[in-house]
Amino acid sequence: MNFLRGNAACPGCPIPKELDAILDVYGKKTVVVVPASCSTVIMGDTVLGMPSSVNVVHSPFAAAASIASGLSAAMKFRKDDANILVWAGDGSTSDIGFAAVSGAAERNEEITYVCYDNEAYMNTGIQRSSLTPYGAWTTTTPSHKHEFKKPLPFIIAMHNVPYVATASISYLADFKAKFSKAKSMKGFRYIHLLSPCPPGWKFDASLTMNIGKLAVETGMWPLYEIENGVFKLSSISKPYVDKAKRKPLEEYLKLQERFSGLSSEELANMQAYIDEMWNYIAKVNNTKLTP
Amino acid sequence: MVGNHAVAYAVKQAKPQVLAVYPITPQTTMLEKLASYAASGELNAKLIKVESEHSAMASIYGAALAGARVFTATSSQGLLYMTEVIYWAGGQRVPIVAGIATRAVGSPWSIWDDHQDFVSKRDAIWIQMMAENVQDAYDMTLQAFKISEDKRVILPVMMGFDGFVLTHTMERLSTLDDTTVDSFIPERDFNIIDFDKPIGIGAIATQDNYIKYRYKAMQAMERSKNVIEEVSKEYSKLSGREQHGLVEFYKCDDAEYVIVAMGAWAGDARAAVDELRNKGISIGLAKLRVVRPFPKEKLMQLKDRKAIIVLDRAYSYGLGGILATEVKASLYNANLPIYSVIGGIGGKEFGKNEIMGVVEKLLSGKLESEVWVL
């Protein structure tokens with residue numbers, strides 16, 4: 001076990017499982033950089049110690065990609081092959097730390113950047129981020145969010161980085177295969193995880209894996225890779241190019257109270273967004289994305 | 001050499017392994033020079049061309065954790081922008097050296113010299129040194145690396161020098177040869193990241209523990225006073241240039257009046273002291289070479305003077321001149337008038353003549369306790 005149980009994660013939180021699986025692939029010679037987020041708490045304190053089996057460098061909110069760049073430069077200088085891995089939430093990645101992430105991607109830093117996306121500022125008590133989906137309730141969008149999620153994996157891919165992927169801990173084999181591939185590559189690698197959050201999304205803690213699965217099956221969370229600019233739908237998500245094969249969106253939404261009380265217009269907007277996204281995916285699958 | 005190039009030369013000789021570069025006037029030519037040293041192979045270092053000062057400090061902080069000797073430089077808005085990580089690095093006590101070309105902060109915009117940016121970092125758990133001239137900036141930079149990595153200290157160090165006044169002014173420079181520098185600053189021999197003993201660096205410290213880290217930081221800062229004096233003495237011997245540790249007392253032994261200042265205008269004050277001495281006025285200069293740790297014990301030797309004039313190029317709005325306040329606090333047991341003179345803000349000309357004018361006002365009993373020279 002790379003990540004000890006009995007840590008401070010909420011019941012049903014996928015973060016310990018995700019980190020356990022990642023460290024299984026990345027191994028002991030890894031430094032994990034953690035900006036302010038739920039994981040700051042999960043990673044323990046100075047007295048009780050930490051659940052992680054590898055070094056953890058805590059970072060201010062906006063600094064993780066840059067601290068990782070420095071760690072990587074120092075390792076490179078002394079020809080050390082250690083893995084530098086950023087483990088950051090959606091707020092840190094897509095909002096406050098976005099400039100630093102974009103900078104590190106543009107410089108093609110030798111790091112693996114993982115965004116565990118629980119779709120809001122969860123550690124501070126559920127405030128919207130630019131990765132909160134349209135239609136979601138948060139404490140700062142009490143009558144639902146009306147802006148769409150930033151297409152962050154695509155935005156990162158447009159930086160010409162060697163590897164971008166989406167993944168979900170509900171599909172462990174695909175998840176681990178993507179991290180194995182990332183580990184074998186050089187340069188800036190970006191993996192975006194949809195990380196269901198029971199208290200933030202308001203679903204029962206026993207349903208985490210199901211929610212993750214439904215996100216994929218309803219087409220909300222397509223699994224894909226963008227390797228050297230070439231978009232490739234992962235086999236799990238391939239059937240969902242065909243809209244008929246996708247489960248009704250309602251099945252995903254109804255389990256989460258954050259989506260309760262949506263109007264028919266809001267629901268239609270969400271469905272249209274998903275359909276458009278899949279039309280785009282069908283068009284670009286197996287092609288090189290060009291800016 | 002101009003000041004920026006003198007500092008870059010010292011940094012090259014200190015052999016940092018990771019540098020972060022991001023431009024801001026008037027610091028830019030320092031990092032440009034370092035980039036050219038790295039490109040030509042004269043300096044074997046990784047340069048991280050970051051997208052902001054926040055990332056400049058963050059990236060060298062990360063590199064320093066992994067055992068590298070590191071450097072970056074900035075000014076003004078850039079120093080303010082990196083402030084969050086400056087505190088972060090100070091709290092974690094990693095060895096870092098940063099060159100600060102001092103400059104006024106906006107708004108309104110000003111690219112010219114004052115010390116507001118530099119002194120705004122005085123509580124960030126960084127040692128802060130301030131150079132008087134280009135030679136001083138070169139000498140201090142080398143000492144900064146040694147102090148920062150001393151195991152009794154292990155604190156980041158800021159080496160301040162006045163924007164344009166020193167960064168862009170050409171002076172004759174004496175340098176140490178590379179082998180002397182190598183023996184003065186040997187390779188950094190400790191690392192924080194150990195793969196066999198993984199730790200959490202900067203993890204949450206609970207209420208009973210956070211304060212203990214801060215207490216230790218306070219002790220390290222106090223210990224650094226002796227180390228700074230020691231390094232200063234060693235460097236004086238190596239270079240043949242007297243370094244004076246925390247404070248230089250110039251013609252102070254018998255002085256009835258003393259001017260306290262830091263930075264480039266200490267040179268103007270020195271010239272003013274010489275000229276006033278020629279006129280028979282008993283006056284000296286206390287040049288603060290280091291303001292964190294603040295040399296309060298050393299300043300006690302000024303307690304029996306007739307009066308002290310403190311020159312400030314920065315201000316704490318609603319309180320007073322920042323150095324003046326600190327000098328007063330250091331001498332709170334002494335019964336002597338301490339005058340605060342605020343000048344040179346935003347690059348406003350303030351030199352030897354202005355200083356002499358202030359002293360003459362004091363002697364004629366016309367100097368108010370706080371004066372802004374507009």
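Heavy atoms only: backbone and side chains are in, while hydrogens, waters and symmetry mates are out. Below, chain A is the first sequence line, B the second, and so on; all start at residue 1. Quick caveat, the model's predicted, so the values are computed rather than measured.
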I'd like to know whether [atom1] of [X] has more than 12 heavy-atom contacts from other residues, nucleotides or ligands below 6.0 angstrom.
X	atom1	value
Tyr215(B)	OH	no
Leu4(A)	CG	yes
Lys150(A)	NZ	yes
Glu222(B)	CD	yes
Lys49(B)	NZ	no
Lys216(B)	NZ	no
Phe184(B)	CZ	yes

Nearest 0.5 Å, what's the [atom1]-[atom2] distance between [X] and [Y]?
X	Y	atom1	atom2	value
Met75(A)	Ile193(B)	CE	CD1	5.0 Å
Asn55(A)	Asp196(B)	CG	CG	9.5 Å
Asn209(B)	Thr46(A)	CG	OG1	4.5 Å

For [X], is it the side chain, the backbone, both, or neither that has a heavy atom closer than 4.5 Å to a heavy atom of chain B?
X	answer
Ser53(A)	backbone
Glu109(A)	side chain
Val57(A)	both
Ser52(A)	neither
Ala62(A)	both
Lys28(A)	backbone
Ser72(A)	neither
Val34(A)	neither

Of all the heavy-atom pairs spanning [X] and [Y], show the shortest one and how long it is.
X	Y	answer
His54(B)	Ala63(A)	CE1-CB, 3.9 Å
Glu51(B)	Ser66(A)	OE2-OG, 4.2 Å
Glu84(B)	Pro60(A)	OE2-CB, 3.4 Å
Phe77(A)	Asn44(B)	CE1-O, 3.1 Å
Arg107(A)	Ile48(B)	NE-CG2, 3.8 Å

Under 4.5 Å between any side-chain heavy atoms of Val31(A) and Phe195(B), yes or no? yes

Side-chain touch Ile201(B)/Val56(A), heavy atoms, less than 4.5 angstrom: no

Quick check against the 3.5 Å criterion: does Arg78(A) have a side-chain atom that pairs as donor or acceptor with the backbone of Ala68(B)? no

Could you tell me which of Ile199(B), Val18(B), Asp194(B) has the largest number of non-hydrogen atom pairs under 4.5 Å with chain A? Ile199(B)

Most heavy-atom pairs under 4.5 Å with chain A, out of Ile192(B), Val50(B), Val70(B), Asp208(B), belong to Val50(B)

Quick check for you: among [options], which has the greatest number of heavy-atom pairs under 4.5 Å with chain B?
options	answer
Thr30(A), Val33(A), Asp80(A)	Thr30(A)
Ala104(A), Gly97(A), Ala73(A)	Ala73(A)
Ser69(A), Gly49(A), Ser59(A)	Ser59(A)

Part of Ala45(B) lying under 4.5 Å from any heavy atom of chain A: backbone

Chain A contact via Tyr210(B) - which portion, at a heavy-atom distance below 4.5 Å: neither

side-chain contact (heavy atoms from CB on, under 4.5 Å) assessment of Thr206(B) paired with Leu48(A): CA-CA 10 Å; Thr206(B) 51; Leu48(A) 295 173; over 6 Å; no

